[in-house]
Amino acid sequence: TVGAVALDQYGNLAAATSTGGMTNKRYGRVGDAPIIGAGTYADNQTCAVSCTGWGEYFIRVGVARDVAARMEYGRQPLAAAAQATLDKVAQLGGDGGLIGLDRQGNITMPFNSEGMYRGYIKANGQTEVLIYK
Amino acid sequence: SRITLVIHGGAGTITRQNMTPEKERAYTEALNQALQAGYTVLQRGGTALDAVEATVRVMEDSPLFNAGKGAVFTHDGRNELDAAVMDGQTLKAGAVAGVTVVRNPISAARAVMEKSEHVLLTGTGAEQFAREKGLTIVEPGYFYTEARYQQLQKALASEKGAVPDQLNTPTKTTPAAPVPTKTKTKTKAGKPQGYAEPPIFTEGRKYG
């Protein structure tokens with residue numbers, strides 16, 4: 001799975017996710033990536049999120065919207081909201097990660113699997129690409 | 001300006017042990033290329049929506065990632081692709097699932113968002129919609145990579161020796177579950193007597 005979240009100069013957020021799904025899948029199985037609110041979500045008032053991981057758990061938790069809802073209702077900051085939601089996935093036995101971005105330009109990239117290909121570029125040009133924990 | 005772009009290329013058993021310096025360099029280069037594509041859009045005053053689509057298209061076209069070219073294989077040896085996009089300003093969203101001939105599924109997802117009144121289209125219907133909207137259509141073989149095909153062979157081989165789970169077991173009559181007795185007594189763990197965890201997945205077999 002691949003994904004991107006962006007904040008433009010007009011203050012708008014957007015999120016995108018694309019995947020081949022799970023190796024050896026049957027019966028037209030679909031994971032979280034194309035399910036809005038599970039693997040992909042964006043709302044200017046809270047955050048933009050793109051997920052990657054064991055889809056069934058991300059769907060059952062509704063991860064992408066859960067992160068935004070924690071910010072909206074619980075007034076949690078992005079990083080805390082993302083970590084709390086990912087902890088919920090782990091409690092159920094799922095693994096994976098997500099990238100998140102809010103309208104102040106704050107970034108979060110938590111994951112509880114062994115690694116996650118991830119990276120960012122900020123307004124000042126600061127950029128980083130990471131693979132392992 | 002607070003223009004910012006964040007990307008991911010998937011999570012999983014990515015450890016130093018199963019990585020080579022060449023592979024690590026290739027992934028780092030591909031991620032940087034994807035970052036540059038989206039960031040250039042933002043620097044030129046483009047929208048966040050244009051930036052995320054441009055970024056994901058680069059990763060869909062790279063055979064390294066499990067999306068577009070280089071996607072994993074289904075049990076039947078096909079590539080079924082899913083994608084979604086959402087606009088934070090309008091809360092409009094679009095998604096496709098199970099498409100097999102659309103070169104860039106993320107662009108199909110965006111077409112669903114902007115050129116239909118739906119949110120999610122799947123399978124051959126989604127492919128027909130993509131064709132009608134002029135998206136690039138390719139042969140299913142376009143997505144093939146040897147590495148992903150070998151991953152499928154490995155999963156199939158490991159499946160051969162595994163105990164068939166519920167999904168594989170042919171249907172046969174099983175004795176009806178005992179009718180729970182009315183009086184429920186709580187065990188110390190707080191679970192009602194006779195409660196059993198639903199066997200959703202066989203431990204350790206995630207793929208398939």
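Given the structure is predicted, the values throughout are model-derived calculations rather than measurements. Labels below follow one simple rule: chain letters A, B, ... track the order of the sequence lines, proteins then strands, and each chain is numbered from 1. Hydrogens, waters and symmetry mates are skipped; everything else that's a heavy atom, side chains included, is used.
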Open item on the list: Applying side-chain contact (heavy atoms from CB on, under 4.5 Å), can you list everything that pairs with B/Lys23, at least two apart in sequence or on another chain?
Closed with: B/Met19, B/Thr20, B/Tyr27

Task: Distance (rounded to the nearest 0.5 Å) between A/Leu101 CG and B/Arg2 CZ - done: 11.0 Å

Open item on the list: Only pairs of heavy atoms separated by less than 4.5 Å count here; which of B/Ala95, B/Gly9, B/Ala71 has the most with chain A?
Closed with: B/Gly9

Open item on the list: Tell me the closest heavy-atom pair linking A/Gln9 and B/Leu42, and the distance in Å.
Closed with: OE1-O, 3.9 Å

TODO: Could you check if a side-chain atom of A/Asn24 sits within less than 4.5 angstrom of a side-chain atom of B/Thr74, using non-hydrogen atoms only?
DONE: no

- [ ] Heavy atoms only, distances under 4.5 angstrom: which of B/Gly45, B/Ala109, B/Ala93, B/Ser1 has the most pairs with chain A? Name it, please.
- [x] B/Gly45

Open item on the list: Please give me the minimum heavy-atom distance between A/Pro34 and B/Ala97, naming the atom from each residue.
Closed with: CG-CB, 4.1 Å

Side-chain donor/acceptor pairs under 3.5 Å, residues 46-56 of chain B, sequence neighbours excluded:
unit_1, atom_1, unit_2, atom_2, d
B/Thr47, OG1, B/Asp50, N, 3.0
B/Thr47, OG1, B/Asp50, OD2, 3.3
B/Asp50, OD1, B/Arg110, NH1, 2.8
B/Asp50, OD1, B/Arg110, NH2, 3.0
B/Glu53, OE1, B/Arg110, NH1, 2.9
B/Glu53, OE2, B/Ser107, OG, 2.7
B/Thr55, OG1, B/Ala51, O, 2.8

Task: Contact summary for B/His8 and A/Ser50, nearest pair of heavy atoms - done: NE2-OG, 3.0 Å

TODO: Please state whether the side chain, the backbone, both or neither of A/Asp95 comes within less than 4.5 Å of a heavy atom of chain B.
DONE: side chain

Open item on the list: Counting only heavy atoms not in B/Tyr149 (residues, nucleotides, ligands), do more than 12 fall under 6.0 Å from its OH?
Closed with: no

TODO: Give the member of B/Thr90, B/Leu35, B/Val96 that has the highest number of heavy-atom pairs under 4.5 Å with chain A.
DONE: B/Leu35

TODO: Output the distance between atom OG1 (B/Thr4) and atom CZ (A/Arg103), rounded to the nearest 0.5 Å.
DONE: 14.0 Å

Open item on the list: Just verifying a value: how many Å separate A/Asn44 CG and B/Leu91 CG, rounded to the nearest 0.5 Å?
Closed with: 8.0 Å

Open item on the list: Surrounding CD of B/Gln153 (heavy atoms of other residues, nucleotides or ligands, distance under 6.0 Å), is the total greater than 12?
Closed with: yes

Task: Side chain, backbone, both or neither of B/Asp87 within contact of chain A (heavy atoms, under 4.5 Å) - done: both

Task: Choice from B/Ile106, B/Asp82, B/Val72, B/Val85 maximising heavy atom contacts with chain A below 4.5 Å - done: B/Asp82

TODO: Give the C-alpha distance, both sets of side-chain angles, the deciding distance and a yes or no for side-chain contact (heavy atoms from CB on, under 4.5 Å) between A/Val2 and B/Ile7.
DONE: CA-CA 8 Å; A/Val2 299; B/Ile7 68 171; over 6 Å; no

- [ ] Considering non-hydrogen atoms only, spot the tightest contact between B/Ala11 and A/Thr52 and give its length.
- [x] N-OG1, 3.2 Å

Task: Among A/Leu7, A/Leu13, A/Thr46, residue most engaged with chain B (heavy-atom pairs, under 4.5 Å) - done: A/Leu7

Open item on the list: Please classify the contact of A/Val129 with chain B as side chain, backbone, both or neither, using a heavy-atom distance under 4.5 Å.
Closed with: side chain

Task: Heavy-atom pair count under 4.5 Å with chain A, highest-scoring of B/Gly123, B/Gly98, B/Ala67, B/Gly68 - done: B/Ala67

Open item on the list: Just so I understand: if I count every heavy-atom pair under 4.5 Å between each of A/Gly28, A/Cys51, A/Cys47 and chain B, which residue has the most?
Closed with: A/Cys51

Task: Part of B/Leu120 within contact of chain A (heavy atom distance under 4.5 Å) - done: side chain

- [ ] Please list, in residue-number order, every residue in residues 109-128 of chain A that has a heavy atom less than 4.5 Å from any heavy atom of chain B; write 'none' if there are none.
- [x] A/Met109, A/Ser113, A/Glu114, A/Gly115, A/Met116, A/Tyr117, A/Arg118, A/Gly119, A/Tyr120, A/Ile121, A/Lys122, A/Ala123, A/Asn124, A/Gly125, A/Thr127, A/Glu128

- [ ] Using non-hydrogen atoms and a 4.5 Å limit, figure out which bit of A/Tyr41 sits close to chain B: side chain, backbone, both or neither.
- [x] both

- [ ] Give a yes or no on whether the backbone of A/Gly20 and the side-chain of B/Asn66 come within a donor-acceptor separation of less than 3.5 Å.
- [x] yes

TODO: Scan for salt bridge (charged side-chain N to carboxylate O under 4.0 Å, His left out) pairs involving residues 127-144 of chain B, sequence neighbours excluded, and state none if there are none.
DONE: none

Task: Nearest atoms (heavy-atom pairs only) where A/Ile36 meets B/Gly94 - done: CD1-O, 4.3 Å

Task: Distance-minimising heavy-atom pair for B/Glu80 and A/Lys25 - done: O-NZ, 2.8 Å

Task: Nearest-0.5 Å distance, CD of residue B/Gln89 to CG of residue A/Asp43 - done: 11.5 Å

Open item on the list: Taking every non-hydrogen pair under 4.5 Å, which of B/Lys154, B/Arg148, B/Glu60 racks up the most with chain A?
Closed with: B/Glu60

Task: Contact leader toward chain B among A/Leu98, A/Thr108, A/Thr40, A/Thr19, where contacts are heavy-atom pairs under 4.5 Å - done: A/Thr19

